[in-house]
Amino acid sequence: MAFRAVKGMNDVLSNDSPRWQRLERAFQRQARLYGYEEVRTPVVEHTDLFVRSIGEVTDVVEKEMYSFQHHRDALTLRPEGTAGATRAYVEHKVYARETVTRWYYLGPMFRAERPQRGRYRQFYQAGCEIYGDPGPVADAEMIDMLVGLFRQLGIGELQVAINSLGGSATRQRYREALTEYFTPQVGALSAHAQERLGKNPLRILDSKDPKDQAVAAGAPSMLDVLDDADREHFDGLKRALDALETPYVVEPRLVRGLDYYTRTSFEIRSEAGELGAQNTLAGGGRYDNMVEELGGPATPAIGFAMGLERILLAMPESAAADRAGCYIMPLGSAALPKALTIAREVRARGVRVECDGRGQSLKSQMRRADSLGMRACIVLGEDELSRGVVQLKDLEKHTQREVSFTEIAEQVRALCTVSAEAGGA
RNA sequence: GUGGGUGUAGCUCAGUGGUAGAGCACUGGAUUGUGGCUCCGGUUGUCGCGGGUUCAAUUCCCGUCACUCACCCCA
C-alpha cells in the first residue's frame with residue numbers, strides 16, 4: 001500500500017460508475033431539453049481570472065485554491081466553472097454571434113478544503129450559464145429545470161431558497177447599511193464575524209454562530225434596500241415560479257460566498273439520502289457584471305452549479321438491472337478456440353459477452369455468470385465440440401437447449417435482445 | 001485553521017495483558033459437466049506506525065500518521 005490517492009481526491013470504481021453515468025446522462029438530457037449546449041473549458045486558468053471574478057476577499061480565493069507557478073505564469077486549478085466559461089464567452093466574442101447563449105458544462109473542480117461528507121478537494125460539478133438574457137423569466141426556468149431534474153432522479157425533501165442581492169449600486173448601499181448596523185454591536189459578535197465586518201459584512205448574515213444570529217436578527221433586510229428595478233425583477237421571478245408551481249422560500253439572509261452574484265441568488269437543498277451537513281445540492285445566481293469586468297460588453301448573465309457527489313448521496317438506489325449479456329464457458333483447452341470465435345460473433349450482434357478462459361470448474365463458472373447478472377450462458381465441452389453444437393442456457397428462465405455452431409450467435413442475440421426490450425418497457 | 005470519532009482478513013465488524021474470530025466475498029466438494037437456496041471443507045492478517053510500562057502488548061500509556069465526521073465555507 002505504498003501509494004494512496006491524494007487527500008480529498010477519490011476514485012470512482014466500477015460498482016459506483018453506473019450511478020455516475022445515470023446522473024450525468026439525466027443532467028445532459030435535461031439541459032438539452034432546455035436549450036443548453038455543452039462547452040468544455042480547461043481545468044487550469046490564470047490565477048487572476050479567479051481573483052477578479054470570484055473576489056479577492058472570498059474564502060475560495062484566499063485559502064482554497066490550488067495555485068502554482070509554471071515558468072512565468074501564475075496558474076490555478078479551477079475552483080468553479082463560471083469564471084472559465086465567462087472567459088471563453090468573452091475571448092471568443094460569442095456575444096457577437098448570438099444574442100442569447102445557453103451553455104452547460106460538467107467536470108472536476110478543485111478546492112483545498114478539509115474534506116468531509118459531501119465535500120472533496122477534487123469534486124465534480126455540472127452547471128449551466130445563460131448570457132444575454134436579463135431575466136427574470138430565465139431565472140425561474142433555470143430553477144424549475146433543476147427541481148425537475150432532482151425529482152426525476154428520485155430525490156425528495158427538496159427546498160428551494162431564493163433571494164435578491166440587488167444590482168451593484170444596491171449592494172454597495174446595503175453594505176454600508178450593514179456596517180452601520182453592526183459596528184456599534186461589535187462586542188456581541190463572534191471573533192470570526194468581527195473580522196468580516198470590515199471586509200464583507202454580508203457574510204455575517206448567514207453565520208451559524210448563535211451569537212451572530214442573535215445580532216443579525218435585527219439587521220436591516222436586503223429586500224428593504226432594493227431599488228425599484230431590483231424589486232420588479234425579484235417580483236417577476238416569484239411570479240414566474242408561482243406560474244410554474246415551483247415551491248420556494250424567500251430567504252433574505254441567503255448570501256453566497258462568491259462575490260460576483262447580483263440580484264437573483266438561489267440554493268436548492270435536500271434532507272434526503274445520506275447527505276450530511278453539506279446539503280446544498282445546487283447553488284447559483286445572476287452575475288450581471290462579470291462579462292464586462294472580464295473585458296466584454298455589458299451582458300447580463302445567470303448560472304448555477306450542482307455538486308455531483310452530493311446529488312449521488314441524495315439519490316436513492318436504483319432498482320437492480322435486468323439480466324443481460326452472455327457468458328461463454330469452454331470446458332477444457334480444446335474448446336477454447338471455438339469459444340473465442342463464438343464470443344466475437346455474438347458481440348458483433350451487439351450483445352455483451354464474457355468468455356471464461358480461466359479453466360475452472362463448470363460450477364464456478366456458472367456461479368460467476370449468475371453473479372454478473374448474465375441473461376444467457378453457453379456451455380461448450382468436448383462432446384459439443386465434436387458434434388458442432390453448444391448448450392445455450394437461459395439463466396433467467398432456467399431452460400436449456402442445444403444449438404448448432406451456425407445458429408448460436410443469432411439465437412443468443414434473439415434471447416438477449418428480447419429480454420432487453422422487455423426490461424426497458 | 002479548530003474540535004470529536006475510528007484504525008484488527010479483500011469488505012463489514014467482534015474480541016482479549018498470554019502473539020486472533022464471525023459474517024460476506026473467493027474457492028473445492030455434496031451433483032463424472034450446470035447458477036441463485038442448503039450443507040461440509042479450504043485460502044487470506046507486519047491487529048496503522050514508532051516508542052514506553054510489563055516476564056509477556058493487538059489489548060494499557062505516550063507520540064505519530066491515516067481515515068472519518070463536524071465547525072468554517074461552499075456544490
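Below, chain A is the first sequence line, B the second, and so on; all start at residue 1. Below, all heavy atoms of this structure are taken into account, side chains as well, without hydrogens, waters or symmetry copies.
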For RNA chain B, the expected dot-bracket line (Watson-Crick or G-U under 3.5 Å, [ ] crossing, | inter-strand) is (((((((..((((....[..)))).(((((.......))))).....(((((..]....))))))))))))....

Nucleotide nearest [X] (side chain, heavy atoms from C-beta), chosen from [options]:
| X | options | result |
| --- | --- | --- |
| A:L395 | B:U34, B:G35, B:C67 | B:G35 |
| A:Q400 | B:U34, B:C69, B:A75 | B:U34 |
| A:D383 | B:C72, B:G33, B:G29 | B:G33 |
| A:R114 | B:C67, B:G3, B:G35 | B:G3 |
| A:R323 | B:G33, B:C71, B:G35 | B:G35 |
| A:L362 | B:C72, B:U34, B:A75 | B:U34 |

With respect to the phosphate group of [N], does any side-chain polar atom (N or O) of [X] fall under 4.0 Å of OP1 or OP2?
| X | N | answer |
| --- | --- | --- |
| A:Q116 | B:C71 | yes |
| A:Q278 | B:C71 | yes |
| A:K7 | B:C67 | yes |
| A:S361 | B:U27 | no |
| A:K393 | B:G35 | no |
| A:S364 | B:U27 | yes |

Sugar-phosphate only, base, or nothing, as touched by [X] at under 4.0 Å among non-hydrogen atoms:
| X | result |
| --- | --- |
| A:L308 | nothing |
| A:Y327 | nothing |
| A:A305 | sugar-phosphate |
| A:G284 | nothing |
| A:L331 | base |
| A:R310 | base |
| A:E62 | nothing |

Can you check the distance between [N] and [M], where both ends of the measurement are the [atom1] atom (answer in whole Å)?
| N | M | atom1 | answer |
| --- | --- | --- | --- |
| B:C71 | B:C49 | P | 32 Å |
| B:U19 | B:A25 | C1' | 27 Å |
| B:U8 | B:C47 | C1' | 4 Å |
| B:U46 | B:U34 | P | 38 Å |
| B:G10 | B:U6 | P | 23 Å |
| B:G7 | B:A75 | P | 35 Å |
| B:G50 | B:A66 | P | 16 Å |

Let me know the distance between [atom1] of [X] and [atom2] of [N], rounded to the nearest Å.
| X | N | atom1 | atom2 | answer |
| --- | --- | --- | --- | --- |
| A:M366 | B:G29 | CE | C1' | 17 Å |
| A:E382 | B:U34 | CD | P | 15 Å |
| A:D59 | B:U2 | CG | C1' | 14 Å |
| A:E64 | B:C71 | CD | C1' | 14 Å |

Hey, can you tell me if A:Y131 and A:Y89 have their rings parallel, tilted or perpendicular (30° and 60° cut-offs)?
->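 It falls in the parallel class, under 30°.
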
Stepwise salt bridge (charged side-chain N to carboxylate O under 4.0 Å, His left out) test for A:D370 and A:R323 = CA-CA 9 Å; A:D370 183 56; A:R323 284 183 176 274; 2.6 Å; yes

Any side-chain heavy atom of A:R121 within less than 4.5 Å of one from A:P115?
->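 Side chain of A:R121 against side chain of A:P115, heavy atoms only: contact under 4.5 Å found.
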
Are A:R87 and A:P42 side-chain neighbours, meaning at least one heavy-atom pair lies under 4.5 Å?
->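 A:R87 reaches A:P42 side chain to side chain.
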
Between A:E354 and A:R368, does at least one N-O distance fall below 4.0 Å, as a salt bridge requires?
->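 Yes, charged N to carboxylate O under 4.0 Å.
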
Charged N to carboxylate O below 4.0 Å: is that the case for A:R269 and A:E251?
->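 A salt bridge is present here (some side-chain N lies under 4.0 Å from a carboxylate O).
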
Heavy-atom pair of closest approach, residues A:Y36 and A:E129 |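 That would be CE2-O, 3.8 Å.
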
Measure from the side-chain N and O atoms of A:R263 to the backbone N and O of A:L165, and report whether any donor-acceptor pair falls under 3.5 Å.
->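 Pair absent, no side-chain N/O of A:R263 close to backbone of A:L165.
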
When rounded to the nearest 0.5 angstrom, what is the spacing between CD in A:Q125 and CD1 in A:I311?
->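 With rounding to 0.5 Å, CD (A:Q125) is 9.5 Å from CD1 (A:I311).
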
